[in-house]
Amino acid sequence: VYISQCCYVPREDTLWPTLTARQHLETSTRLFQPNLVGKAREEAIDYLLEATGMTECQHTKAGDATRQGLSGGQRQLVWLMRALFSSSDVLVLDEPTNNLDLESVASLADCIEGFAGGVVLVSHDQYFVSRVAKEVWVVDKGTVKKAASFDAYRQAQKARHNPGRSRGTHRVPDDTDGPERQRSRA
């Protein structure tokens with residue numbers, strides 16, 4: 001059930017080093033969407049390559065530690081595109097923005113926003129989470145709680161970690177504060 005309904009995208013990829021980005025996507029469409037053939041397959045691959053900004057490097061081999069190839073961010077995007085071809089109802093993404101530049105993060109967010117299924121996301125990228133998260137669940141110290149929104153969660157975290165600042169009474173020392181002034185505030 002898990003394999004047919006969910007697709008896990010790992011933090012560390014295991015792409016075949018001798019296949020190009022395009023070949024990985026062709027293999028994925030053959031495995032996950034066997035009815036997508038010919039021109040329709042090529043158009044679907046071209047669409048994702050363009051949407052993720054990967055058109056220019058589609059014929060670059062993945063590479064590995066001993067062979068030059070795609071960058072870490074490009075490798076991550078290939079994994080994500082493969083997942084989108086899986087026709088899964090749920091994508092499970094573990095730190096999907098690691099190794100991605102800002103433009104690639106925005107492209108990934110566009111792809112996720114266009115995904116019809118659900119997404120379970122583990123990420124520390126605040127821009128990405130605030131852009132794609134429709135519902136936020138926070139796991140902290142063995143408990144799971146639903147947050148009203150990602151922005152509400154961030155505000156609660158700021159207030160929790162800087163209680164004086166939220167009331168406007170806390171002042172962060174700066175370079176102009178000498179030792180005498182810092183001691184007098186204590």
Side-chain angles (χ1 to χ4, degrees), residues 1-64 67-139 147 149-150:
V1 171
Y2 175 80
I3 292 175
S4 66
Q5 295 178 350
C6 294
C7 184
Y8 172 68
V9 179
R11 184 180 313 186
E12 300 297 326
D13 72 71
T14 54
L15 296 176
W16 297 300
T18 58
L19 292 183
T20 67
R22 184 171 200 90
Q23 289 170 325
H24 276 96
L25 299 179
E26 289 169 350
T27 301
S28 296
T29 57
R30 286 187 183 103
L31 288 171
F32 299 124
Q33 295 188 16
N35 295 332
L36 191 62
V37 295
K39 187 173 181 166
R41 176 187 296 149
E42 296 302 314
E43 288 174 352
I45 291 170
D46 289 342
Y47 172 79
L48 274 183
L49 286 167
E50 186 175 329
T52 57
M54 293 278 293
T55 303
E56 290 182 22
C57 60
Q58 66 181 307
H59 299 295
T60 303
K61 292 183 179 181
D64 59 14
R67 299 176 198 111
Q68 188 173 1
L70 297 172
S71 71
Q74 292 166 334
R75 295 170 64 86
Q76 184 72 11
L77 287 173
V78 171
W79 259 104
L80 292 163
M81 287 185 283
R82 291 179 67 192
L84 292 171
F85 277 126
S86 72
S87 297
S88 297
D89 296 321
V90 177
L91 296 180
V92 180
L93 308 177
D94 184 5
E95 297 289 351
T97 60
N98 281 3
N99 301 314
L100 299 183
D101 60 23
L102 295 175
E103 186 177 323
S104 297
V105 171
S107 295
L108 173 60
D110 291 340
C111 289
I112 297 300
E113 287 174 335
F115 179 66
V119 177
V120 176
L121 171 69
V122 176
S123 180
H124 292 90
D125 186 321
Q126 294 182 15
Y127 163 78
F128 184 72
V129 173
S130 65
R131 175 132 177 235
V132 302
K134 305 290 186 259
E135 199 170 289
V136 177
W137 292 83
V138 179
V139 180
S149 69
F150 184 66

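This is a predicted model, so every value here is computed, not measured.
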Student: Is there side-chain contact between Leu91 and Leu84, with heavy atoms separated by less than 4.5 Å?
Tutor: yes
Student: Test your reading of the model: is there a side-chain donor-acceptor pair from Gln58 to the backbone of Thr55, 3.5 Å cut-off?
Tutor: yes
Student: What pairs with Trp137 under ring pair (Phe, Tyr, Trp, His ring centres under 6.0 Å), at least two apart in sequence or on another chain?
Tutor: none
Student: To the nearest 0.5 Å, how far apart are CZ in Arg82 and OG1 in Thr29?
Tutor: 10.5 Å
Student: NZ of Lys39: more than 12 outside heavy atoms within 6.0 angstrom?
Tutor: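 No.
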Student: Any non-hydrogen side-chain atom of Leu80 less than 4.5 Å from a side-chain atom of Cys111?
Tutor: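 Side-chain contact under 4.5 Å: no.
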Student: So, using side chain to side chain donor-acceptor pair (under 3.5 Å) as the criterion, who are the partners of Ser107 when residues are at least two apart?
Tutor: none
Student: Show the nearest heavy-atom pair for residues Ser88 and Ser86, with the distance to one decimal.
Tutor: OG-OG, 2.8 Å
Student: Looking at CG of Leu25 and CD of Glu42, how far apart are the two atoms once the value is rounded to the nearest 0.5 Å?
Tutor: 10.5 Å
Student: Could you tell me which non-hydrogen atom of Val129 sits nearest to which non-hydrogen atom of Ser123, and how far apart they are?
Tutor: CG2-CB, 3.8 Å
Student: Would you say His24's side chain and Trp16's backbone share a donor-acceptor pair under 3.5 angstrom?
Tutor: yes
Student: Would you please name every residue forming a side chain to side chain donor-acceptor pair (under 3.5 Å) with Ser71, sequence neighbours left out?
Tutor: Gln74
Student: Do any N or O atoms from the side chain of Gln33 and from the backbone of Phe85 form a donor-acceptor pair under 3.5 angstrom?
Tutor: yes
Student: Within the 4.5 Å heavy-atom criterion, are Val9 and Pro96 side-chain neighbours or not?
Tutor: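 Counting from C-beta outward, Val9 and Pro96 never come under 4.5 Å.
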Student: Ignoring hydrogens, what is the shortest heavy-atom contact between Leu31 and Pro34? Give both atom names and the distance.
Tutor: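 Reported closest heavy-atom pair: O-CD, 4.1 Å.
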Student: Within a strict 4.5 Å, meaning less than it, do heavy atoms of the Lys61 and Leu19 side chains meet?
Tutor: no
Student: A side-chain contact here means heavy atoms from C-beta on lying under 4.5 Å apart; do Asn99 and Arg75 qualify?
Tutor: no
Student: Using the side chain to side chain donor-acceptor pair (under 3.5 Å) criterion, which residues pair with Arg30? Sequence neighbours excluded.
Tutor: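 Counting only residues at least two positions away or on another chain, Arg30 forms no side chain to side chain donor-acceptor pair (under 3.5 Å).
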Student: Can you measure from CZ (Phe115) to CG (Leu93) and round to the nearest 0.5 angstrom?
Tutor: 8.5 Å
Student: How many angstroms lie between atom OG1 of Thr18 and atom CD of Gln23, to the nearest 0.5 angstrom?
Tutor: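 Separation between the atoms: 8.0 Å.
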Student: Could you go through residues 44-51 and list every donor-acceptor pair under 3.5 Å that involves a side-chain atom there, pairing it with any protein atom two or more places apart or in another chain?
Tutor:
from, atom 1, to, atom 2, distance (Å)
Asp46, OD1, Arg22, NH1, 2.9
Asp46, OD1, Arg22, NH2, 2.9

Student: More than 12 non-hydrogen atoms from neighbouring residues, nucleotides or ligands closer than 6.0 Å to NE2 on His59, yes or no?
Tutor: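 Yes.
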Student: If only atom types and distance count, is the side chain of Arg41 paired as donor or acceptor with the main-chain N or O of Glu26 below 3.5 Å?
Tutor: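 The answer is no, because no donor-acceptor pair under 3.5 Å joins these two groups.
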Student: Got a sec, which pairs hit salt bridge (charged side-chain N to carboxylate O under 4.0 Å, His left out) with one end in residues 94-107, sequence neighbours left out?
Tutor: Arg11-Asp94
Student: So, do Thr97 and Tyr127 sit near enough that their side-chain heavy atoms are less than 4.5 Å apart?
Tutor: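 A side-chain contact under 4.5 Å is absent here.
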Student: Can you confirm whether Asp125 sits close enough to Leu100 that some side-chain heavy atom of one is under 4.5 Å from a side-chain heavy atom of the other?
Tutor: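 A side-chain contact under 4.5 Å is absent here.
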Student: Minimum heavy-atom separation for Ala21 and Met54, please, with both atom names.
Tutor: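 Distance-wise, the nearest heavy atoms are CB-CE, 4.3 Å.
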Student: For a quick test of reading the model, state the closest non-hydrogen atom pair linking Ala133 to Val136 and the distance between them.
Tutor: CB-CG2, 3.9 Å
Student: Which atoms form the tightest heavy-atom contact between Ala62 and Leu15, and what is the distance?
Tutor: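 Reported closest heavy-atom pair: CB-CB, 4.0 Å.
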Student: Any side-chain heavy-atom pair from Cys7 and Phe32 closer than 4.5 angstrom?
Tutor: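 A side-chain contact under 4.5 Å is absent here.
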